[in-house]
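Quick note on labels: first sequence line is chain A, next is B, and so on, each numbered from 1.
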4 protein chains.
Amino acid sequence: MKSISEFLQTGDWKGEKHVPVINVPENIKADEEFEIKVSVGDEIKHPNKVEHHIAWIKVFFHPEGSKFPVEIGTYNFSAHGEGSIVNEPHVTTKVTLNKSGTIYALSYCNLHGLWENSKEITVK
Amino acid sequence: MKSISEFLQTGDWKGEKHVPVINVPENIKADEEFEIKVSVGDEIKHPNKVEHHIAWIKVFFHPEGSKFPVEIGTYNFSAHGEGSIVNEPHVTTKVTLNKSGTIYALSYCNLHGLWENSKEITVK
Amino acid sequence: MKSISEFLQTGDWKGEKHVPVINVPENIKADEEFEIKVSVGDEIKHPNKVEHHIAWIKVFFHPEGSKFPVEIGTYNFSAHGEGSIVNEPHVTTKVTLNKSGTIYALSYCNLHGLWENSKEITVK
Amino acid sequence: MKSISEFLQTGDWKGEKHVPVINVPENIKADEEFEIKVSVGDEIKHPNKVEHHIAWIKVFFHPEGSKFPVEIGTYNFSAHGEGSIVNEPHVTTKVTLNKSGTIYALSYCNLHGLWENSKEITVK
Ligand SMILES: [Fe+3]
Ligand SMILES: [Fe+3]
Ligand SMILES: [Fe+3]
Ligand SMILES: [Fe+3]
């Protein structure tokens with residue numbers, strides 16, 4: 001069977017404008033709030049027009065040793081020039097965890113498909 | 001015809017834990033990026049469990065004099081304790097505008113329905 | 001305070017292409033699956049292009065006598081011509097209920113804002 | 001780098017209740033509307049409660065020969081027993097295409113992660 005995973009693209013976000021950049025502390029405390037910031041186009045700006053834009057960013061967390069990842073949340077970017085309003089592909093939210101593991105970000109460009117990145121996070 | 005607007009609740013967020021709190025600068029510059037932060041439970045924390053949680057926050061902008069509001073974006077909060085991961089109802093994004101108008105936030109609690117708030121913003 | 005409800009537009013879907021059309025049985029049986037179909041543009045087709053399209057349809061149910069409506073679900077229409085793929089604003093899902101009440105549909109056009117409709121449903 | 005694709009599970013939907021089932025015609029006509037129906041739990045029903053449920057189904061299309069898949073749409077299932085209302089993981093929508101290719105469905109269980117399936121479709 002064909003898998004959508006064949007289309008999960010990645011790369012160095014400093015050279016490839018589609019790759020989501022994950023900003024989280026390297027170390028956090030169990031069950032204490034911290035911020036997750038994910039953005040696209042930090043180094044090379046991605047177009048933001050109705051014809052070509054980042055439509056959404058999804059964030060997952062995989063606690064090490066677990067069988068399954070858990071979705072933290074999804075941001076849908078809706079304004080791409082309508083009424084001269086533009087929503088840039090930056091999203092920050094707050095989270096608590098109690099195990100070390102991996103944050104995954106998945107983003108979607110309406111013309112260039114699916115892109116991902118990941119970052120380790122350690123509970124001290 | 002019945003309207004869903006009959007169910008749009010609001011109130012003072014200092015006394016009612018469901019009301020979304022909108023943080024934006026009062027004055028912005030045309031077409032310069034600024035942050036919109038919307039959160040629920042700033043003063044009185046809202047429960048965050050699978051049985052009872054804030055499911056999403058939507059943000060709209062209505063440019064003054066326009067006939068229609070434009071959706072800026074939507075954040076869906078997905079983790080409410082699964083794998084001990086909790087996504088708190090806080091979301092920040094970046095936006096550019098070029099007209100003064102009103103920001104609207106709409107949020108949804110899976111047990112207590114729809115809540116809204118609004119805030120004026122002026123382009124200097 | 002200003003309310004987003006000022007912008008909830010409606011009308012007769014036979015004359016106004018934005019109004020969501022709700023198809024549900026008039027009578028259902030408690031806790032037996034039935035289909036809810038909501039569509040936009042049944043009589044007068046709405047444009048479906050990246051520049052102008054129906055972005056989403058939300059469906060709520062308000063059990064009579066309840067204080068709050070419950071969100072049934074949301075469909076986000078994502079393809080508006082990219083790769084010659086077009087997702088038409090039609091969505092059908094399955095639901096069980098056990099009280100009579102009102103179905104509400106809310107839809108959003110990226111240029112013409114928020115539109116709603118409602119329909120009574122009776123549990124026999 | 002770690003990839004979320006390591007967690008894309010699949011299997012035979014007749015034996016594994018999480019696998020999304022894709023119903024589409026094998027052959028379609030270019031630019032003529034057809035229905036895509038995706039559901040979870042056709043053979044073995046999946047639980048549908050706030051503690052354990054299918055949260056969403058995403059549908060993509062990859063036109064053969066193209067570099068990128070295009071998202072058709074996403075359905076978020078919101079009611080899992082609130083007010084005795086249950087939204088079953090079934091969604092049908094309407095689409096037009098003009099190239100043969102592959103439909104992908106991706107679904108998410110809040111406890112058991114990401115599941116996928118795919119189906120070929122031929123434009124005659
Ligand atoms: Fe792109
Ligand atoms: Fe609540
Ligand atoms: Fe329109
Ligand atoms: Fe499951």
Inset, instruction - Name the member of Ala79(C), Ser66(C), Ser78(C), Pro63(C) that forms the most heavy-atom pairs with chain D at distances under 4.5 Å. - result: Ser78(C)

Inset, instruction - Find the distance between OH (Tyr75(D)) and CZ (Phe77(C)) and round it off to the nearest 0.5 Å. - result: 10.0 Å

Inset, instruction - Using a cut-off of 6.0 Å, state whether more than 12 heavy atoms not belonging to Lys119(D) lie near its atom NZ. - result: yes

Inset, instruction - Specify which of Ala30(C), Ser39(C), Gly73(C) makes the most heavy-atom pairs with chain D at under 4.5 Å. - result: Gly73(C)

Legend entry - Test side-chain contact (heavy atoms from CB on, under 4.5 Å) applied to Val86(C) and Asp31(D), Asn98(D), Val95(D), Thr96(D), the passing residue: Thr96(D)

Legend entry - Region of Glu33(D) that comes under 4.5 Å of a non-hydrogen atom in chain C: side chain

Inset, instruction - Give, for atom NZ of Lys37(C) and atom OG1 of Thr92(D), the distance between the pair rounded to the nearest 0.5 Å. - result: 10.0 Å

Inset, instruction - For each of Ile36(D), Asn48(D), Ile72(D), tally heavy-atom pairs with chain C at distances under 4.5 Å, and name the one with the top tally. - result: Ile72(D)

Inset, instruction - Taking Ser84(D) for its side chain and Leu97(C) for its backbone only, find out whether a donor-acceptor pair lies under 3.5 Å. - result: no

Legend entry - Portion of Thr93(D) that has a non-hydrogen atom of chain C nearer than 4.5 angstrom: both

Inset, instruction - Name the option with the most non-hydrogen atom pairs under 4.5 Å to chain D; the candidates are Val59(C), Val91(C), Ile57(C). - result: Val91(C)

Inset, instruction - Rounded to the nearest 0.5 Å, what's the gap from NZ on Lys58(C) to CG on Asn76(D)? Could you check? - result: 7.5 Å

Legend entry - Between CD1 on residue Ile85(C) and NE2 on residue His62(D), distance to nearest 0.5 Å: 9.5 Å

